[in-house]
Amino acid sequence: MTLYFSDSPQHPALLICELCRLFYDNNWVTGTGGGISIRDVDGPNPNIVYIAPSGIQKERLKPKEMFVAELPGKILRTPNDESTGQPLSADLAKDFKYKPSACTPLFLSCYNLRDAGACIHTHSQNAVMATLIFEDKVEFSMSHIEQIKALPQLAANPETGKIEKVGSMQYYDTMVLPIIENTPHEEDLTDTLQKAIKDYPNATAVLVRRHGIYVWGENVWKAKVYNEAIDYLLELAIKMHQNGIPLVKK
Ligand SMILES: CSC[C@@H](O)[C@@H](O)C(=O)COP(=O)(O)O
Ligand SMILES: [Zn+2]
């Protein structure tokens, strides 16, 4: 398997393109916002991660446009690197230079602090609205909804201290997601995102006020499921709030 392409439909570079198209259709990554990074958890080096370039229409990404890094954060391959032998897209200006996604330090935080297998960032309007409804709050809570069972129950491994999945949340559990404040530049979210990840060991996502959400999981498919389940819950929460229904049942 090369760094940027393979016939395997499970190659992270291909999956990033496939999932971005899916997320685009959900209005989660339109107008170049949002994205996904995937770690090659089943590959020969599970510390290899794939990151899309910045400012590119996410639904039009090609595998050869990916950056490849080795954790904790060394860039191994850039799509500008002609030594890969891959020509840049014909429609790009000659002096165009790809930059890694502005979300890179945030994705790396999820890999390095939580051992994540993939990290999704969306500009979902449900996520944004949830942070606005609770504009004076630093966390979002919701309980007693069946879909909560799609989320992982997390706990520190007593031997390693690492936060790991130990099961699934139950119907009556309360999902608590931290909300951090947005900053003018995505990379400036890094410190507060890292603090939220440490302060909320039971959370698998962080909301960013007036911006969106970061969701991660043990592998790409878990991250996808968690993102879908959380977005469903946030959409429902907005409707419950509009109808005066409390989000947490006593
Ligand atoms: C619509 S611009 C959005 C960006 O500033 C950022 O928030 C984002 O989510 C995507 O950044 P990118 O560097 O294109 O991967
Ligand atoms: Zn963003």
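When a residue number appears, it is its place in the shown sequence, counting from 1. Counting starts at 1 for both ligands and their atoms, in listed order. Just so you know, these numbers use all the heavy atoms, side chains as well, and skip hydrogens, waters and symmetry mates.
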Note: Cys20 and Val29 closest approach over all heavy atoms is O-CG2, 3.5 Å

Quick one: angle Glu186 OE1 - the Zn ion (ligand 2) - His211 NE2, to the nearest 10°? 80°

In Val128, Ile180, Ile213, Thr183, the residue satisfying side-chain contact (heavy atoms from CB on, under 4.5 Å) with Val208 is Ile180

If only side-chain N and O atoms count, and only distance matters, is there a donor-acceptor pair under 3.5 Å linking Asn45 with Glu70? yes

Got the residues with a heavy atom under 4.0 Å of ligand 1, by chain and number? Gly31, Thr32, Gly33, Gly34, Ser54, Gly55, Lys58, Ser101, Ala102, Cys103, His121, His123, Glu186, His211

Charged N to carboxylate O below 4.0 Å: is that the case for Glu18 and Arg21? no

Arg39 and Asp115 ion-paired at < 4.0 Å: yes

Counting backbone and side-chain atoms alike, is an N, O or S atom of Cys103 positioned under 2.8 Å from the Zn ion (ligand 2)? no

Which residues end up grouped with Leu154 if you chain together Ile, Leu, Val, Met, Phe, Trp and Tyr wherever their side-chain heavy atoms are less than 4.5 Å apart? Ile163

Do the rings of Tyr214 and His121 sit parallel, tilted or perpendicular, given the 30° and 60° boundaries? parallel

